[in-house]
Peer 1: 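Once you've had a glance at the structure underneath, I'll fire off some questions.
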Amino acid sequence: MAGTHGSQKVESQNSKQQRRRLPGPARRLILVTVPLRVPTDMHHPRSVWRAALGLVVLAACVAAGSMRLGPAPALGPALDPLNGIWAVARRAELPRTATGRIPGLTARVDVRYDMRDVPHIFAASEADAYRALGYVVARDRLFQIELQVRAGAGTLTELVGRLALGADRDTRAMGMPRAAERALAAMDTTSADMKAMRAYADGVNAWIGQMAPADLPIEYRLLGRTPRRWSPIDALHLLNRMSATLSLDDVERRRLLAAQVVGDTAARALFPVHSPLQQPIVPTGYPGLRLRAGTLPAPGMADSAGGLDRTASAGSGDGQRFAAVGGARHRADGAEDAAGSNNWAVAPRRTKDGFALLAGDPHLDMTLPSLWYEVHLVVPGQLDVAGVTIPGGPGVILGFTRDVAWTFTNTGADVTDFYAEHVDDARNPRRYLVDGAWRPLEQRAESYLGPRGERLATDTVRYTHRGPMRRYGNQWVSMRWTALEGGGAFGALRAAPHAHTTAEWLQATASYDVPAQNMLVADRAGSIAIRSTGHYPVRPGDGRGDLVRDGSKSSSDWTGVLPLVRYPAAADPAQGYLASDNQEPIDPDMPNPVGGAYLGANWESPWRAARINALLRGDSLVTPDDMRRWQTDPGSARADYFVPYFLAAAKRADSAGQPAPELRQAAHLLGAWDRRYTRENEYAVLFEAAMTQLSRRAWSRLSLDRARDGAPVATPSTAVLAELLNDPSSAWWNDPRAPGVQTRDDVLAASLAAGFQAVVASRGPPESGRWRWSEIRHANIHHVLYIPAFSRLGLPVQGGTETLSPSSGDGVLGPSWRMVVQLGPEVHGWATYPGGQSGNPISRRYDNRLPQWLAGTLDSVRMPHTPGELAASDVRATLALEPAR
Amino acid sequence: VRPSAAWSGEVGLLAIAMVAATVVGGWWGVLAAAFVWGAWSGRAGRVAVAAACAWGSVLVWTAASGPLPALVAALGAIAGAPGWVLVVATLVFPAGLAWSAAVVGSVVRGK
């Protein structure tokens, strides 16, 4: 063996000598192309070790390269610098020019991205415009649209795995995928709506089919997934998802919870059908807030079945279990910081330029990428609309044409009812009883698949004629919800941009059904109008929808929906402006078109409405910039209402002698507050702490664990608290555990002092500099997968609870889109949203609008008539879409 | 020790080949190309360096084409490690893959 090894060494040396005699270039060529003899002495220990090491390393590399390591993606495709995760950086920005092909396109579509990264889509037909819209949205937001649609379809597990199983089960138990399938089956396949949905899906699929491997969004890479193809039903899943966000509210549950502690009579007053504080959407002529007559009944005895229809046989335990089920969107801590929105319009006679003005800012979950995608669609002679679309949905939801502008706030109507059902077998029901006869339950098998197609779980969802049925203890409860019977929203939203006047626009949206929206519209002729549009179920008997009804009687069923003429509505009012802020649409004590019909219960307190109405009343020369400023106005009608009560109570305590030192200091600070939630303000924190204390003390009877100051089972709105303030000796103020009898002022003074102590304990003394509002309230905009590196958290914002730009407690809700439109001879729009057009977290366009949004400023929206109208310097990128061959 | 021109030339050509292999077959392309090279030449070290250079050069191109530092930082935050670790991994992974494939290739050829 040694001899063999030696001969190889000699041969190698000879080869080297021969090569050295060759000319330079040839020698180099040989060096790289002619191999040395491969060592074959595998018995040499070094070679053996080298071979063994090579095998081990190769096996390790192949394993790491091809298999996921826990949450980490497989290294091979991930680290591949050409098409792996690094390619995300190369594809962060749009190429200056690009082309694409879409099947079904009838003519070339020109897309111009302006310097705000907004695509202006110029198409020959509406269907082509929707094809192009699907393409450009998918190009920027592919992962987001799949995630949103899967959330509505209950198939998130197929994308993100088992962790989404609970969410998917809820979605399917609510009947949302079934409803989408039924809505699709009921659609006319030749209708314009269906054509638009198909066209949009064609566009999305064209992008998926044509995108390069490097274009794959980073989320798919991290999850180790690839996009799935789209179908028309996805638009319906998305609509259902929005309906769930905006209209699925179980007012019954809060009343039940409260009834179990303080009795049904008190519970009904704490969660009333009509807001005790009125500033309705439909103008009444009453200036400012109006407190309705009445006092809160004293807390009563626990009534565990009080919220159920008396004819229902559900036992108390079952009622309790139903009430304990999650799902209410209102927070139990009393903070009214859930989603809320504003819109208002001003008639020309109250504007400086003499043109109608409209402003809107829907407050929704703020996410990255943003909930909205800004776009401009042009089909000559047919469509010319700018605004925002929900990625995944064909059409502009909020926006303007050259003639009309519109924006929505959520009505918050009660469109969900629950029925206590009588079934043949509590464990495995197959039939349910109606009017003494058994009816078969529809049973739908639901299967939940994992990312690799593996089955994670199966369920059977049962349906009565009302809707899906779920079990709470031994009680089966079915749910009827307008969203499961909808189908008119999409057509209405698609038709809206074709209107030229407010009247035409209201006619176009008449078929809109769910989720009910306060639709505000203004036109170029100076008309303004608002209508709370959507299907309002008509219930039997007293018509109320805030109780659980007896499912064994068909007489419990809805008898129809409210006719259009009875929707809350107003047009061109004498006051010259209209506004809505999620408050009760009508004042039940004033003339209104609703005529006593039940629309909902437990409405949001009208603090924002009071504020914007006061601003609008006080300015008869409104400018677009006023409208912009008001969208982030830091003033608070809530503080204006409550602060005087606190100060008066502190003053009375002072007059009575022996006030606590902290009460005196707190009153001094609160009295010095301008009642504005600006970033630098150092007093708002004290007011909020005092309000928290006040709510806790006033509603202490609603706690199940009063001995330990437990949280209330449900917290009434601050409008109800305002009503309570009007009754200084109400039994609610008195805490039986404390010595003596407490009155309103005792509780107010104690709350202010306790609030002060709480702030000092958590943030130090007032002069510490840590009382600044910017230190306390922040916007927290999470990535759709809650990846911190892709989120923007802790953003200091102006505004507080129930200001026009409310900053919610955890900062995830807020103005998701701000728009101001002036409808002059040439329409002008200004807008922004908290995020950017791109879904690529590394892109400049991912969050480039955030600074502007935080500052409360807006961009001017471009609205070119033709592609050529945008100067080259105004175009960031172009995309030419051609029919696929 | 300064690499000779021949060594550099060989590594450079191999790096180009590795980029091409990556274009064609992704990371499997690197494995395949290195295996063939190893079987043919028996020189594993050079192909390892070439593979690292190939992927490194694509990274440089990426850095010139987009916000790579931001991506490095974000991925580092997600991975709970300094971002540069991922960059190093992007160089070490193909190097290890190519070296081992070349060694195995040379062994197979030796049989």
Side-chain angles (χ1 to χ4, degrees), chain A residues 19 24 27-42 47-48 50-62 64-66 71-72 74-93 213 218 222 787-790 840-844, chain B residues 4-7 9-14 19 22-23 26-28 30-31 35 37-44 54-59 61-63 65-79 86 89-90 93-94 96-97 99-107 109-111:
Chain A
R19 274 187 232 123
R27 195 167 67 227
R28 280 194 289 278
L29 183 66
I30 288 172
L31 273 169
V32 297
T33 56
V34 178
L36 291 174
R37 293 290 298 275
V38 175
T40 55
D41 183 6
M42 292 305 299
S47 298
V48 172
R50 184 168 177 267
L53 182 62
L55 275 170
V56 169
V57 172
L58 183 61
C61 285
V62 169
S66 57
L75 288 185
L79 295 180
D80 173 354
L82 282 171
N83 295 317
I85 208 155
W86 302 117
V88 170
R90 275 201 313 281
R91 300 304 175 112
E93 306 307 334
I218 191 168
L222 295 173
I787 296 173
F790 299 159
N840 184 334
I842 308 304
S843 171
R844 171 192 61 80
Chain B
S4 69
W7 186 94
E10 180 178 349
V11 168
L13 286 175
L14 273 174
V19 171
T22 307
V23 170
W27 69 284
W28 290 106
V30 172
L31 187 153
F35 180 88
W37 176 256
W40 189 46
S41 75
R43 291 198 292 265
W55 281 29
S57 62
V58 178
L59 273 188
W61 170 55
T62 299
S65 314
L68 187 67
L71 180 58
V72 169
L75 292 176
I78 291 170
L86 296 173
T90 305
F93 175 73
L97 184 69
W99 178 83
S100 57
V103 167
V104 172
S106 69
V107 170
R109 167 80 184 275
K111 285 179 179 175

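In the text below, chain A, chain B and the rest are named by the order of the sequence lines, each starting its count at 1. Keep in mind that what you see is a predicted model, and the values were worked out from it rather than measured.
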Peer 1: Report the residues that fulfil side-chain hydrogen bond (donor to acceptor under 3.5 Å, both in side chains) with B:Trp99, sequence neighbours left out, ordered by chain and then residue number.
Peer 2: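 Not a single residue meets the side-chain hydrogen bond (donor to acceptor under 3.5 Å, both in side chains) criterion with B:Trp99.
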Peer 1: Between B:Val30, B:Val104, B:Thr62, which residue shows the highest count of heavy-atom pairs closer than 4.5 Å to chain A?
Peer 2: B:Thr62
Peer 1: Counting heavy-atom pairs closer than 4.5 Å to chain A, which one of B:Trp55, B:Phe93, B:Trp61 comes out on top?
Peer 2: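 Option with the top pair count is B:Trp55.
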Peer 1: Between B:Ala77, B:Gly96, B:Ala102, which shows the greatest number of heavy-atom pairs under 4.5 Å with chain A?
Peer 2: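 Most pairs with chain A among the choices: B:Gly96.
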Peer 1: Side-chain contact, heavy-atom cut-off 4.5 Å: A:Ile218 with B:Leu71?
Peer 2: yes
Peer 1: Dump the intermediate steps for side chain to side chain contact (heavy atoms under 4.5 Å, CB included) on A:Ile787 and B:Ile78, then the final yes or no.
Peer 2: CA-CA 7 Å; A:Ile787 296 173; B:Ile78 291 170; 3.7 Å; yes
Peer 1: Given that the side chain runs from C-beta out, which part of A:Ser66 has a heavy atom under 4.5 Å from chain B: side chain, backbone, both or neither?
Peer 2: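 Answer is both: backbone and side chain atoms of A:Ser66 are under 4.5 Å from chain B.
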Peer 1: At a heavy-atom separation under 4.5 Å, does B:Leu86 approach chain A through its side chain, its backbone, both, or neither?
Peer 2: both
Peer 1: Is B:Ala54 in contact with chain A via its backbone, its side chain, both, or neither, using a 4.5 Å heavy-atom distance?
Peer 2: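 It is neither, since no heavy atom gets under 4.5 Å.
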Peer 1: Side chain, backbone, both or neither: which part of B:Ala73 has a non-hydrogen atom closer than 4.5 Å to chain A?
Peer 2: neither
Peer 1: Restricting to ring-ring contact (aromatic ring centres under 6.0 Å, His included), what partner residues turn up for B:Phe35, sequence neighbours left out?
Peer 2: none
Peer 1: CG/B:Leu75 to CD1/A:Ile842 distance, rounded to the nearest 0.5 angstrom?
Peer 2: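 One finds 6.5 Å between CG of B:Leu75 and CD1 of A:Ile842.
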